[in-house]
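Throughout, a chain's letter reflects where its sequence line sits, starting with A, and its residues are numbered from 1. Keep in mind that this is a model prediction, so the values were computed, not measured.
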Amino acid sequence: MHGWRNGLGVFNGLARLHLKSQSSELRSMQKGDEMPVARRESSDSRVIAHIDMDCFYVQVEQRKRPELKGQPAAVVQYNSWKGGGLIAVSYEARKYGVKRSMRGYEAKEVCPIIQLVQVPVARGKADLNAYREAGSEVVSILARRGRCERASIDEVYLDLTEAAETMLAAAPPDSLEIVNEEALRSHILGLNQEDNSDVKENVRKWICRSSADRRDKLLACGVLIVADLRMQVLQDTQFTCSAGIAHNKMLAKLASAMNKPAQQTAVPFSSVKGLLASFPIKKMKQLGGKLGSSLQTDLCVNTVGDLWQFSQEKLQEHYGINTGTWLWNIARGINGDEVEGRLLPKSHGSGKTFPGPSALKNLSSVQHWLNGLCEELSERLQSDLEHNRRIARTLTLHAHAYKTNSSDQQVKFPSKSCSLRYGSPKIQEDAMNLFQAGLREFYGSSNVIQHGWRITGLSVSASKIVAVPSGTCPITKYFQGQQPTCSSSKLLVGDCTEVAYSSVSFSEDEDADKIHTTISNEDSSIQVPSYYQSDGADVSKEAATATSTSGRESCLESNLIGSPSTMSNELSCEPKPDLHTLDRQVRKKSSVDKGKSSILNFFRRVNSNSPLQMHNPAGGTQDHTLSHSDGSRLETELWHYKVDDIDPSVIDELPPEFQEEIRAWLRPHKRPNTVKSGSNVSIASFFSSTSTP
DNA sequence: ACGGCTTGCACG
DNA sequence: TCGTGCAAG
């Protein structure tokens with residue numbers, strides 16, 4: 001227990017910079033302070049929600065076939081063997097004891113009246129697109145009230161801090177005459193519900209309590225907002241969901257599962273300790289597997305409360321610096337993970353298993369299945385390009401295999417990747433080559449004749465997805481921006497886009513025009529923040545006069561202008577993610593943008609008289625020096641900014657699109673996972689590697 | 001060598 | 001950077 005109290009007030013600093021009033025602490029933080037990994041102190045006052053769709057695949061099928069609503073039902077794939085495997089089960093069916101991972105036949109045994117709906121099949125494999133699209137519908141609604149992170153096909157995190165603060169300032173709960181019925185149905189952990197009491201009235205009192213501390217009031221606002229959002233989701237999509245509202249992601253996630261389906265649960269700070277004390281360790285996210293088992297068997301930890309007796313150092317010795325620190329923190333309800341603004345997946349994949357006798361035995365069957373997988377992948381990449389203007393740069397092939405007549409069964413089939421060329425035929429060709437490369441390695445030196453092989457699983461995936469430079473910039477201009485002079489540097493977006501264009505436009509015949517118009521479409525009927533509009537014009541002018549690099553730059557800039565919703569009208573029934581969010585999230589990860597991100601240009605214009613020194617406090621070798629992509633710095637001064645010199649309060653004044661980026665620089669980073677005993681690494685040493693300009 | 005198919009992330 | 005393994009749903 002001793003660590004609990006210790007955990008409450010010990011940490012200062014970076015994590016709090018979202019609060020204007022506390023931003024000065026960022027500057028005052030001195031050497032000797034302790035700051036291992038991303039964390040927040042437990043005075044964390046964010047309002048975070050986790051939204052979890054109820055048996056989502058079932059709901060999607062029920063919307064398609066309304067006669068299934070209210071019925072015991074399950075979604076099943078591959079009806080061929082033992083009635084197929086269940087992947088989603090309605091709550092009515094769960095009452096009969098039907099579980100996910102049952103076979104169709106088993107489900108029928110315990111619940112004879114269950115309705116089994118098959119997952120759509122395309123090219124001989126399960127086709128999950130309907131569920132993906134339904135998930136996007138939900139995300140587009142949930143993203144309305146705050147930063148939104150698509151955590152999976154049916155789960156979303158929301159950072160509602162700002163919305164809650166705004167509500168608290170403008171229309172605080174204690175001023176409300178009527179409270180949303182859905183909000184009144186909330187579960188408030190720790191709220192005493194006496195036997196005869198009016199439950200809803202108690203919830204109303206809690207929500208409207210004027211004596212509540214600020215954190216509870218913010219949480220109450222969160223409860224109201226989430227109730228509202230959930231109603232919107234239901235109205236617009238017919239889907240129900242459950243939600244957790246808390247001060248961080250971990251607690252929100254715990255809470256969302258506590259009352260399902262179609263309910264929401266809030267975790268006031270005062271109830272955290274009681275909640276965790278007896279909470280089964282294996283039910284914590286990330287602890288459902290080997291790590292959780294290790295805690296149980298090696299440390300005799302069965303509940304989160306059992307973790308309290310271990311010092312940080314002890315946990316670090318066992319599990320490494322990062323995991324150890326993380327464990328110590330989550331045991332105390334501390335979790336600084338940010339809600340990433342990301343509405344779209346980071347990769348696409350298509351795969352299939354070939355169990356038992358269905359294992360593939362020769363190249364032609366591998367080719368057959370690989371072709372189908374690649375076709376599906378290609379379609380999804382096309383769709384991502386059209387809807388979101390993104391391209392993937394890397395193609396990866398995974399396979400599971402074993403050798404017949406061989407002793408070294410433990411040898412794994414290696415994954416292989418290459419740069420991704422668009423167009424189904426190219427992807428198929430490349431995937432097949434990757435497979436053969438993997439196969440050669442898989443053989444090793446073993447005797448091919450004696451040792452045949454079987455393939456039990458194949459998958460292809462596309463990753464490293466980046467935004468396509470597009471918008472006001474004609475393609476010709478765009479290509480001028482990336483002459484061979486760049487070849488030595490890492491202009492991956494450009495290089496890859498070029499590939500994408502040529503192959504998409506010329507290999508997939510009928511798509512050529514579509515792609516072109518997509519890229520060059522510049523309908524500007526959408527609303528663009530004023531700082532973009534004025535800047536956009538400026539940048540375009542600069543682009544027109546400069547030669548070597550500004551073509552590229554202007555493309556990147558103009559990416560901020562124009563909207564995906566203006567494109568591909570025939571597909572416009574689908575929800576389109578917000579381009580600004582999209583652009584921000586892509587830019588954040590792009591190695592290209594590290595050196596030339598729009599935010600630096602923004603600073604350059606705003607502070608043109610006083611260039612600041614900027615370095616990344618934790619970025620190691622990362623360099624935020626702005627230089628042109630061709631490496632010529634002729635007319636480009638070197639703009640250095642030092643993070644310490646940025647008044648954190650200024651961040652809130654920046655365009656929201658930039659705030660995220662800046663905060664990412666300021667955020668603590670993970671340390672290399674070397675286990676050190678006595679591991680209080682000082683801030684000084686943490687920063688020292690990059691503190692020289 | 002079966003629960004199947006996706007995703008994301010940490011590690012070396 | 002690439003490839004592997006873990007975890008989740």
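- Spacing between atom CG of A:Leu128 and atom C1' of B:dG3 amounts to 14 Å, rounded to whole angstrom units.
- Nucleotides B:dG3 and C:dG3 are separated by 28 Å at their P atoms, to the nearest Å.
- In plain terms, the two heavy atoms of A:Ile51 and A:Ala243 that are nearest each other are CD1-CB, 3.7 Å.
- The cationic atom of A:Arg94 (NZ for Lys, CZ for Arg) lies less than 6.0 Å from the six-membered ring centre of A:Tyr91 and within 45° of the ring axis.
- Atom CH2 of A:Trp81 is separated from atom P of B:dA1 by 15 Å (rounded to the nearest Å).
- Comparing B:dC5, B:dC11, B:dG4 by their closest approach to the side chain of A:Lys352 singles out B:dC5.
- For the pair A:Lys253 and C:dG9, the criterion of a side-chain N or O lying under 4.0 Å from OP1 or OP2 is met.
- In this structure, A:Phe56 has its ring center at least 6.0 angstrom away from the ring center of A:Tyr131.
- Nucleotide C:dT4 holds its P atom 10 Å from the CZ atom of A:Phe413, rounded to whole Å.
- Residue A:Arg132 places at least one side-chain N or O under 4.0 Å from the OP1 or OP2 atom of B:dT6.
- Nearer the 5' end of DNA chain B, as judged by each residue's closest nucleotide, is the contact made by A:Gln77, out of A:Pro345 and A:Gln77.
- Taken to the nearest 0.5 Å, the CD1 atom of A:Ile321 stands 11.0 Å off from the CG atom of A:Leu315.
- To the nearest whole angstrom, the two C1' atoms, one in B:dG4 and one in C:dC2, are 26 Å apart.
- Ion pair A:Glu155/A:Arg150 not flagged as a salt bridge, since none of the NZ, NE, NH1 or NH2 atoms sits closer than 4.0 Å to an Asp/Glu carboxylate oxygen.
- A donor-acceptor pair is defined here as one N or O able to donate and one able to accept, closer than 3.5 Å; no such pair exists between the side chain of A:Asp408 and the backbone of A:Gln410.
- OP1 or OP2 of C:dG3 sits under 4.0 Å from a side-chain N or O of A:Lys416.
- Straight-line distance from the CD atom of A:Gln59 to the P atom of C:dG9: 17 Å, rounded to whole Å.
- Using a 4.0 Å cutoff on non-hydrogen atoms, the parts of residues 281-292 of chain A near DNA chain C are A:Met284, A:Lys285, A:Gln286, A:Leu287, A:Gly288, A:Gly289, A:Lys290, A:Leu291, ordered by number.
- Mapping A:Ala401 and A:Tyr57 onto DNA chain B by nearest heavy atom places A:Ala401 at the nucleotide closer to the 5' end.
- Here B:dG4 presents its C1' atom at 14 Å from CG of A:Asp127, a figure rounded to the nearest Å.
- We find that CG of A:Leu254 is positioned 11 Å from P of C:dG9, with the value rounded to whole Å.
- Residue A:Ser347 is in sugar-phosphate contact alone, with no base atom involved, counting any heavy-atom pair closer than 4.0 Å across all strands shown.
- The residue A:Thr456 sits apart from the nucleic acid: no heavy atom pair falls under 4.0 Å.
- Contact between the side-chain N/O atoms of A:Lys125 and the OP1/OP2 oxygens of B:dT6 is found at a separation under 4.0 Å.
- Proximity of A:Ser417 to the phosphate of C:dG3: a side-chain N or O atom is located under 4.0 Å from OP1 or OP2.
- Side-chain nitrogen and oxygen atoms of A:Thr353 include none within less than 4.0 Å of the OP1 or OP2 phosphate oxygen of B:dG3.
- Closest to the side chain of A:Asp154, from the set C:dG3, C:dG5, C:dG9, is C:dG9.
- Using a 4.0 Å heavy-atom criterion, one finds that A:His400 contacts no nucleic acid atom at all.
- At whole-Å resolution of the value, NZ in A:Lys464 and C1' in B:dC9 are 14 Å apart.
- Between the CZ atom of A:Arg103 and the C1' atom of B:dC2 there is a distance of 7 Å, rounded to whole Å.
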Per-pair distances, 0.1 Å, donor-acceptor, side chain in residues 285-292 of chain A, under 3.5 Å, sequence neighbours excluded:
none

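- Of the candidate nucleotides C:dG3, B:dG8, B:dA1, B:dA1 has the atom nearest to the side chain of A:Tyr402.
- Nucleic acid contact for A:Ser350: sugar-phosphate only, since backbone atoms but no base atoms lie under 4.0 Å from a heavy atom of the residue.
- Rounded to whole Å, the separation between the P atoms of C:dT1 and B:dC5 comes to 31 Å.
- With respect to A:Lys346 and A:Glu340, no salt bridge is recorded, no charged nitrogen being found less than 4.0 Å from a carboxylate O.
- Within the structure, ring-ring contact (aromatic ring centres under 6.0 Å, His included) pairs that include any residue of residues 392-420 of chain A comprise A:Phe413-A:Phe435, A:Phe413-A:Phe442 (at least two apart or interchain).
- Spacing between B:dC2 and C:dC6 at atom P, rounded to whole Å, works out to 15 Å.
- Counting any heavy atom pair closer than 4.0 Å across all strands shown, A:Lys99 reaches no nucleic acid atom.
- Residue A:Ser415 places its side chain closer to C:dG3 than to any other of B:dT6, C:dG3, B:dC9.
- The phosphate of B:dT7 has OP1 or OP2 within less than 4.0 Å of a side-chain N or O from A:Arg380.
- Distance from the side chain of A:Arg100 is smallest for C:dG9 among the nucleotides C:dT4, C:dG9, B:dG4.
- Side-chain nitrogen and oxygen atoms of A:Arg342 include at least one within less than 4.0 Å of the OP1 or OP2 phosphate oxygen of B:dG8.
- Figure legend: A:Lys352 and A:Trp369 shown as a cation-pi pair, the cationic atom lying under 6.0 angstrom from the six-membered ring centre and within 45 degrees of its axis.
- Within the nucleic acid shown, A:Arg454 has no heavy atom closer than 4.0 Å to any nucleic acid atom.
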